[in-house]
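Right, one structure below, let's go through it.
Values reported hereafter were calculated over all heavy atoms of this structure, with side chains retained and with hydrogens, waters and symmetry mates removed.
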Amino acid sequence: MYTAVDLFAGAGGLSLGFMQTGKYDIKVAFENSPYMQDTYRLNHPGVEVLDDVCTANYSDIMRKYGAIDVVIGGPPCQGFSLSNTKTRDMSNPNNRMFEEFLRFVDKIAPTWFVFENVYVFF
């Protein structure tokens with residue numbers, strides 16, 4: 001079984017897909033929204049849910065769960081959306097969250113990662 005961490009986890013849809021294969025054990029999920037945290041916990045009992053990925057303690061994660069095989073996640077993309085005419089630039093703090101994903105991958109050094117994001121053409 002592969003160990004995994006879910007970043008920007010939302011309600012846990014990406015985790016669910018990985019878990020349904022029977023090959024992945026999600027050890028910890030990071031989600032900033034308290035409402036989404038509650039929903040994630042309902043959908044994935046037994047998975048530790050932490051809040052802001054920006055405050056992740058990498059050594060604690062490694063000490064508690066050992067080597068992580070895969071990091072999955074979908075950083076916010078609303079700021080990059082073509083329908084967002086006001087903050088579609090780096091002044092939108094959510095637009096920097098992809099950097100947190102990359103930092104997490106750099107610090108945890110998983111075997112591989114899945115970075116999910118959507119780009120919509122109009």
Consider only side-chain heavy atoms of I, L, V, M, F, W and Y, link residues closer than 4.5 Å, and tell whether Leu50 and Leu14 are in one cluster. no
Can you get from Ile72 to Leu7 by hopping between Ile, Leu, Val, Met, Phe, Trp and Tyr side chains that sit under 4.5 Å apart? no
List the residues meeting side-chain hydrogen bond (donor to acceptor under 3.5 Å, both in side chains) with Glu100, not counting sequence neighbours, and say none if there are none. Arg103
Hydrophobic cluster membership, with links at side-chain heavy-atom distances under 4.5 Å among I/L/V/M/F/W/Y: are Val53 and Val47 in one? no
Identify, with sequence neighbours excluded, every residue that meets side-chain hydrogen bond (donor to acceptor under 3.5 Å, both in side chains) alongside Thr3. Asp69
Mind checking the OH-CD1 spacing from Tyr2 to Ile68? Nearest 0.5 Å is all I need. 14.5 Å
Closest contact, heavy atoms only, Asp6 versus Ala9: OD2-CB, 3.5 Å
For the pair Gln37 (side chain) and Glu31 (backbone), establish whether a donor and an acceptor sit closer than 3.5 Å, ignoring hydrogens and angles. yes
For residues 16-26, which side-chain N or O atoms pair as donor and acceptor with protein atoms under 3.5 Å away, sequence neighbours left out?
{"unit_1": "Thr21", "atom_1": "OG1", "unit_2": "Phe18", "atom_2": "O", "d": "2.7"}
{"unit_1": "Thr21", "atom_1": "OG1", "unit_2": "Lys23", "atom_2": "N", "d": "3.1"}
{"unit_1": "Asp25", "atom_1": "OD2", "unit_2": "Lys27", "atom_2": "NZ", "d": "2.8"}

Check whether Val105 and Val5 end up in the same hydrophobic cluster, where Ile, Leu, Val, Met, Phe, Trp and Tyr are linked by side-chain heavy atoms less than 4.5 Å apart. yes
Residue pairs involving residues 43-52 (criterion salt bridge (charged side-chain N to carboxylate O under 4.0 Å, His left out); sequence neighbours excluded): Glu48-Lys64
With sequence neighbours left out, the residues meeting ring-ring contact (aromatic ring centres under 6.0 Å, His included) with Phe113 are Phe101
Minimum heavy-atom distance between Ala56 and Ile61, given as atom pair plus value: CB-CD1, 4.5 Å
Report yes or no: do Tyr65 and Val71 belong to one cluster of Ile/Leu/Val/Met/Phe/Trp/Tyr joined by side chain heavy-atom distances under 4.5 Å? yes
With rounding to the nearest 0.5 Å, note down the distance linking OG in Ser33 to CZ in Phe8. 13.5 Å
With sequence neighbours excluded, what pairs up with Ser59 under the side-chain hydrogen bond (donor to acceptor under 3.5 Å, both in side chains) test? Asn57
Summary of ring pair (Phe, Tyr, Trp, His ring centres under 6.0 Å) pairs that have at least one residue in residues 41-62, sequence neighbours excluded: Tyr40-His44, Tyr58-Phe104
Sorted by chain and residue number, the side-chain hydrogen bond (donor to acceptor under 3.5 Å, both in side chains) partners of Asn32 (sequence neighbours excluded) come out as none
